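All figures in this text were calculated on a predicted structure; none of them were measured in a lab. Order of listing sets the numbers, starting from 1, for every ligand and every atom in it. Counting from 1, the numbers follow the sequence of the chain as shown.
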Amino acid sequence: MSLFDYGYDESIKKQIIDENLQEFEIGRVILEHKERYLVKIDNGEVDAEITGNMRFSAEGREDFPAVGDWALLKRYDDNFAIIHKILHRKSVLSRQAVERQGELQIIASNIDYAFLVQAVDRDFNINRLERYLAICYAARVAPIIVLTKIDLVDDARLSEIVESINHRIEGVKIICIDNNMSGYSELDASLENGKTYCLLGSSGVGKSTIINNLLGRDAMKTSEISVAVNKGRHTTSHRELISLPNGGVIIDNPGMREVGIGDSYEGIGVLYDKIEALAENCKYKDCKHINEQSCAVLRALENGKLDRDLYKNYQKMIKESAFFQSNAIEKRQKDKDFGKMVKNIKKGIYKYNSKDFN
Ligand SMILES: Nc1nc2c(ncn2[C@@H]2O[C@H](COP(=O)(O)OP(=O)(O)O)[C@@H](O)[C@H]2O)c(=O)[nH]1
Ligand SMILES: [Mg+2]
Ligand SMILES: [Zn+2]
């Protein structure tokens, strides 16, 4: 497998030349585990860690390497390298960290397509699907909807589900599959060489099963938190980039416990472009479309021109995203203050201030 199979292309080459980084070796981070990284290089892979400088100057999680990043390395020996820099990310999939309000956690970077996976039995939920879509649009990742376990419902129920999606969501491809291999030719056909894919969806919907079926072997454990059989080194949950035989590389994610909308505000606008278009005709520029006078969105609701459930989900996501933004601003300020304090201690000009330890 060459780096081209893992998505290396002209734009990456150009960035290396433009930034004068030819002295480094290039590789792609395929696995992350507690600040240790497995990096795919031409004709092999190496373990890697970041430089002390990179750790010191990091202001948040996003400054650390993530699965999917292109990393510039200095080789220490055959099996170990130091990461000096990561290239600009053309897309970043992130979610709100479960433990820490206002902090984003990068799921993966440089993703071209996301398969939004939902099972058609109990898991199916169109509001959740819209959340994943907003996240994709904000991250500049192209979505493809994959409905799994179609063996568990009859044709009438399946058409009902597909119709309900078409009613709310425009222009996104839907592929229906099950583990008897229905739909896999379509899924296979949507894979392009050198492109990077990821699977998003709740735990238990069949994501690992999809990877195993595409690989034609059981690389991923199913029905529990996935643990790849990777030299037995990695035992807890992690994210990994896997190369597929018919082209493309794919990441299986541990199920998202909650789909926080994080900083996907921009994505909400793309997803609900119909509402945004209506809003152009609201009387007030900052109209929230809740109880304002001469609100074009509320008018469309009354006329039945706008789906009420779609509107409700839109309002819910906007609210949540606004809440996240205020937390994020507060957190960024705290991080900055803390960073300043550390620097001042180093310079020996720090004066104790109890506020710093709040
Ligand atoms: N009936 C049915 N079960 C499936 C299908 N795909 C996966 N499963 C089962 O669903 C469970 C969860 O699958 P898994 O791939 O581990 O889901 P993940 O948590 O999303 O990775 C396993 O027991 C699978 O065997 C399917 O198409 N039909
Ligand atoms: Mg899994
Ligand atoms: Zn309005």
Checklist entry - By side chain to side chain donor-acceptor pair (under 3.5 Å), which residues pair with D307, not counting sequence neighbours? => result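 Testing D307 for side chain to side chain donor-acceptor pair (under 3.5 Å), a comparison that skips the adjacent residues, returns H167.
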
Taking only heavy atoms of [X] into account, list the atoms of ligand 1 that are under 4.0 Å away from them.
X	result
L152	1 (N)
D151	1 (N), 2 (C), 26 (C), 27 (O), 28 (N)
D178	27 (O)

Checklist entry - Are the side chain of E276 and the backbone of Y272 linked by a donor-acceptor contact shorter than 3.5 Å? => result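 Flag not set: sc E276 to bb Y272 has no pair under 3.5 Å.
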
Next on the checklist: Keeping K207 on the side-chain end and S202 on the backbone end, is there a donor-acceptor pair under 3.5 Å?
Outcome noted: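 It does hold such a pair.
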
[X], any N or O under 3.5 Å of ligand 1 N or O:
X	result
G206	yes
N179	yes
T148	no

Next on the checklist: Under 4.0 Å between a side-chain nitrogen and a carboxylate oxygen: does that hold for D63 and R55?
Outcome noted: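 So D63 does not pair with R55 through a salt bridge.
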
Next on the checklist: I'd like to know if E49 and R36 make a salt bridge, using a cut-off of under 4.0 Å between side-chain N and carboxylate O.
Outcome noted: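 Yes, charged N to carboxylate O under 4.0 Å.
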
Checklist entry - Are any of the heavy atoms in S203 under 4.0 Å away from ligand 1? => result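 Yes, S203 has heavy atoms under 4.0 Å from ligand 1.
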
Item to check | Residues clustered with I17, ILVMFWY side-chain links under 4.5 angstrom | outcome: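 Listed partners: none, I17 stands alone.
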
Item to check | Count, waters excluded, of protein N, O or S atoms under 2.8 Å from the Zn ion (ligand 3) | outcome: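 Protein N, O or S neighbours of the Zn ion (ligand 3) under 2.8 Å, waters not counted, come to 4.
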
Item to check | Metal site the Mg ion (ligand 2): N/O/S of S208 inside 2.8 Å | outcome: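 Yes, S208 qualifies, because one of its backbone or side-chain N, O or S atoms lies under 2.8 Å.
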
Checklist entry - Does atom OH of Y76 have more than 12 heavy-atom neighbours from other groups under 6.0 Å away? => result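 It does not: Y76 OH has 12 such atoms or fewer within range.
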
Checklist entry - Taking atom CD of E170 as the centre, does the number of heavy atoms from other residues, nucleotides or ligands within less than 6.0 Å exceed 12? => result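 Not buried by this count: 12 neighbours or fewer within 6.0 Å.
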
Checklist entry - Which pairs, with at least one residue in residues 136-159 and sequence neighbours excluded, count as a side-chain hydrogen bond (donor to acceptor under 3.5 Å, both in side chains)? => result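 Non-adjacent pairs meeting side-chain hydrogen bond (donor to acceptor under 3.5 Å, both in side chains): R140-E266, R157-E160.
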
Next on the checklist: Minimum distance, heavy atoms only, to atom 19 (O) of ligand 1: which one of S202, G204, C176 is it?
Outcome noted: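 It is G204 that holds the nearest heavy atom.
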
Item to check | K74 NZ/CZ over F24 ring centroid, <6.0 Å and within 45° of normal | outcome: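 Output yes; distance and angle both within limits.
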
